[in-house]
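This report concerns only the one structure given below.
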There are 2 protein chains.
Amino acid sequence: MSLGTVSNVLNRPDRVSDRTRSKVERAMTELGFVRNESARQLRAGQSRVLAYVVLDASNPFFTDVAQGIELAADLSELSLFICNSNNSSTREEAYLDLLQQQRVQGILITPVDPGADFLNEVARRGTPLVIVDRVQKDLALCSVAVDDVLGGRVAVEHLIDRGHSRVAFVGGPLSIGQVEDRWRGAQQAWAEAGLPQDALVQLTTSALTVAEGRGAGERLAGMPARRRPTAAFCANDLVALGLLQQTIASGRRVPDDLAIVGYDDIEFASAAAVPLTSVRQPRQELGRTAAELVVDEATNPDHTHTQVTFTPELVARTSTLG
Amino acid sequence: MSLGTVSNVLNRPDRVSDRTRSKVERAMTELGFVRNESARQLRAGQSRVLAYVVLDASNPFFTDVAQGIELAADLSELSLFICNSNNSSTREEAYLDLLQQQRVQGILITPVDPGADFLNEVARRGTPLVIVDRVQKDLALCSVAVDDVLGGRVAVEHLIDRGHSRVAFVGGPLSIGQVEDRWRGAQQAWAEAGLPQDALVQLTTSALTVAEGRGAGERLAGMPARRRPTAAFCANDLVALGLLQQTIASGRRVPDDLAIVGYDDIEFASAAAVPLTSVRQPRQELGRTAAELVVDEATNPDHTHTQVTFTPELVARTSTLG
DNA sequence: TTGTAGGCGTTATCAT
DNA sequence: ATGATAACGCCTACAA
């Protein structure tokens with residue numbers, strides 16, 4: 001019995017006699033043999049792993065996207081590793097290096113900065129990479145995104161429809177592309193309605209978290225009543241939930257004293273103190289599509305880079321409807 | 001210029017003359033060279049990666065645990081891969097196989113079934129493994145957990161203190177160890193207060209999700225008023241939020257018509273329709289401690305298996321205090 | 001059916 | 001300062 005035979009037991013069991021095979025198998029379990037994936041991969045040249053480098057693993061929006069990716073990965077019999085960059089460029093780049101070195105089949109990423117050079121660099125070096133939740137301007141990469149400018153528009157148009165003429169945009173930092181787009185959309189809708197520019201107030205937060213939303217609520221409450229907005233459009237649901245919570249806790253009412261629109265329509269939005277009006281993105285589909293694109297890029301020689309854009313949709317609930 | 005020199009540029013740059021070194025480095029970036037981690041690892045025998053196999057990536061409780069793990073992993077300069085078993089034993093086992101084969105430094109896992117043989121098997125085969133959020137009965141493994149029986153007790157004691165004498169336990173399936181423990185704790189507190197056994201009603205759900213919580217709310221509402229509990233203790237916050245939402249949506253009031261206690265104290269608990277009383281677990285610390293234990297097991301030859309148990313703490317809010 | 005040999009990319013040792 | 005070489009574990013073509 002030789003080395004090659006053992007390998008055959010693993011890879012072409014039919015070529016091995018029953019007796020030899022069972023003998024080998026017994027030995028394996030007894031000795032606790034575990035295939036060395038590094039060696040296999042070194043020989044094979046590629047792995048059966050996808051990775052999703054996510055901006056914030058604790059934001060339910062991204063875990064839903066991840067679930068969509070998993071769905072598609074399962075169909076292609078690939079495993080998914082989730083890597084949390086936690087909004088840090090440094091961490092993000094470290095993960096990208098590691099994943100390339102591991103020769104994963106493909107990388108999905110919601111990047112801190114979609115303009116960063118090293119993203120294109122990854123693809124140039126041969127690892128398929130798809131941008132999730134951001135459009136890529138230059139067309140050197142695949143991307144799957146939702147039209148955030150449009151999302152910002154529909155949110156603010158809804159508030160205008162409800163009669164609000166003094167509105168706050170709550171979110172930040174603006175260096176986050178998603179935030180900037182939503183803000184731009186908000187401004188467009190505002191301008192088109194012919195409302196005075198200074199009646200759309202920007203309340204910048206330093207992160208898109210519940211805690212920052214609460215803080216914004218305090219700042220809002222501190223404004224003189226005359227200048228105080230009667231409605232707020234938040235850059236995501238976490239901020240909106242924080243704002244909602246702070247507003248109610250301080251004795252003001254939603255939507256009577258302050259109407260609130262969120263963004264993402266995470267599951268908790270409808271379970272909030274006051275069910276939250278929000279701009280829904282097709283989260284799972286975003287993930288599924290992105291995964292299909294990496295797989296295509298990894299396996300189809302005729303792959304062409306594709307930019308998919310989904311359309312967001314306003315879901316109106318009590319927080320604006322009273 | 002030979003192969004060995006190139007390797008030296010990468011690993012001991014000081015042994016290479018400046019001219020050669022820069023020449024090699026230039027070539028590398030031009031050609032888009034990427035180190036092959038498989039080959040490195042094959043030679044080195046081990047990797048700089050930890051993995052956390054999590055039960056449900058979309059439950060904020062687990063993402064907070066993961067954040068704790070990341071914190072500790074960073075300190076040891078290890079990367080963390082998050083793998084979502086999504087409550088499936090099959091997926092869980094597939095991930096475990098893959099990770100062992102990849103020779104990761106260590107595995108952290110919140111298992112579907114902490115009694116499963118293959119968990120011990122992993123450790124026996126040489127990959128350090130720590131159980132997170134479950135105690136391990138036999139002491140062959142490290143584990144970090146919270147005393148869920150105690151958690152169940154304090155939750156129900158709190159409700160008894162508030163004067164409730166007919167309480168529902170909402171959660172399931174009971175095959176989930178955490179659920180069973182919390183239910184046991186609830187029963188103990190109930191018995192010790194001398195209350196009639198059948199006044200502690202069990203409302204079983206098929207999963208610990210918001211949707212299941214809503215469903216339980218409907219069943220609760222359907223009970224005849226005489227027998228209907230005046231309070232509910234939910235096996236986790238997701239269920240509690242669903243129940244809360246359904247209760248309010250159907251026009252009943254919390255806590256007047258129904259008091260609710262959740263479990264985990266996730267961030268959304270305090271932002272809920274009615275701020276949720278919940279049993280807090282030290283989530284980040286759970287993760288941090290677990291990571292420290294795997295690292296110890298991986299690096300310290302004198303490592304001894306340790307079972308760490310944390311104590312939960314009741315956080316009383318409006319959903320029980322009115 | 002079973003055994004043998006070469007090579008995947010990297011690193012460390014040893015010799016130049 | 002640089003170059004040659006063996007070894008890590010696995011897989012596969014080929015030989016016996």
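Not measured: the values here are computed from a predicted model.
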Inset, instruction - Would you check if the side chain of Thr309(B) reaches a backbone N or O of Val146(B) as a donor-acceptor pair within less than 3.5 Å? - result: no

Inset, instruction - Check the distance between dG9(C)'s C1' and Asn36(A)'s CG and give it to me in whole angstrom. - result: 14 Å

Inset, instruction - Using only side-chain N and O atoms of Thr5(A), determine if any of them is under 4.0 Å from OP1 or OP2 of dG3(C). - result: yes

Legend entry - Sugar-phosphate, base or nothing in reach of Ser17(B), heavy atoms under 4.0 Å: sugar-phosphate

Inset, instruction - Could you state the atom-to-atom distance from CZ of Arg15(B) to C1' of dT16(C) in whole Å? - result: 15 Å

Inset, instruction - By nearest nucleotide on DNA chain D, pick out whichever of Thr20(B) and Ala44(B) is the more 5' one. - result: Thr20(B)

Inset, instruction - Go through the N and O atoms of the side chain of Arg43(A) and the base of dC8(C), and report whether any donor-acceptor pair is under 3.5 Å. - result: no

Inset, instruction - Using atom CG of Leu42(B) as one end and atom C1' of dT11(C) as the other, report the distance to the nearest whole Å. - result: 11 Å

Inset, instruction - Would you indicate, yes or no, if dT11(C) has its OP1 or OP2 atom less than 4.0 angstrom from a side-chain nitrogen or oxygen of Ser7(B)? - result: yes

Inset, instruction - Mind calculating the distance between CD (Glu37(B)) and P (dG9(D)) to the nearest angstrom? - result: 16 Å

Legend entry - Phosphate OP1/OP2 of dT11(C) contacted by Arg35(B) side-chain N/O (<4.0 Å): yes

Inset, instruction - Report the residue from Gln178(A), Arg283(A), Gln281(A) that forms a side-chain hydrogen bond (donor to acceptor under 3.5 Å, both in side chains) with Asp264(A). - result: Gln281(A)

Inset, instruction - Just call it for Arg19(A): base, sugar-phosphate, or nothing, with non-hydrogen atoms closer than 4.0 Å on any strand. - result: nothing

Inset, instruction - Let me know the distance between CG of Leu3(B) and P of dA6(D), rounded to the nearest Å. - result: 14 Å

Inset, instruction - Rounded off to whole Å, could you give me the CG-to-P distance for the Leu10(B) and dT10(C) pair? - result: 8 Å

Legend entry - Separation of atom CD in Gln100(A) from atom P in dG9(C), rounded to whole Å: 17 Å

Inset, instruction - Specify the residue among Phe33(B) and Asp18(A) whose closest nucleotide of DNA chain C lies further upstream toward the 5′ end. - result: Asp18(A)

Legend entry - Separation of atom NZ in Lys23(B) from atom C1' in dA1(D), rounded to whole Å: 13 Å

Inset, instruction - For Ala39(B) and for Arg40(A), find the nucleotide of DNA chain D with the closest heavy atom, then tell me which residue's nucleotide is more 5'. - result: Ala39(B)

Inset, instruction - May I ask you to decide whether Asp148(B) forms a salt bridge with Arg134(B), counting only side-chain N to carboxylate O separations under 4.0 Å? - result: yes

Legend entry - Interatomic spacing from CD1 in Ile131(B) to CD1 in Ile107(B) - rounded to 0.5 Å: 10.5 Å

Inset, instruction - Decide, yes or no, whether a salt bridge links Asp14(B) with Arg21(B) under the criterion of side-chain N to carboxylate O below 4.0 Å. - result: no

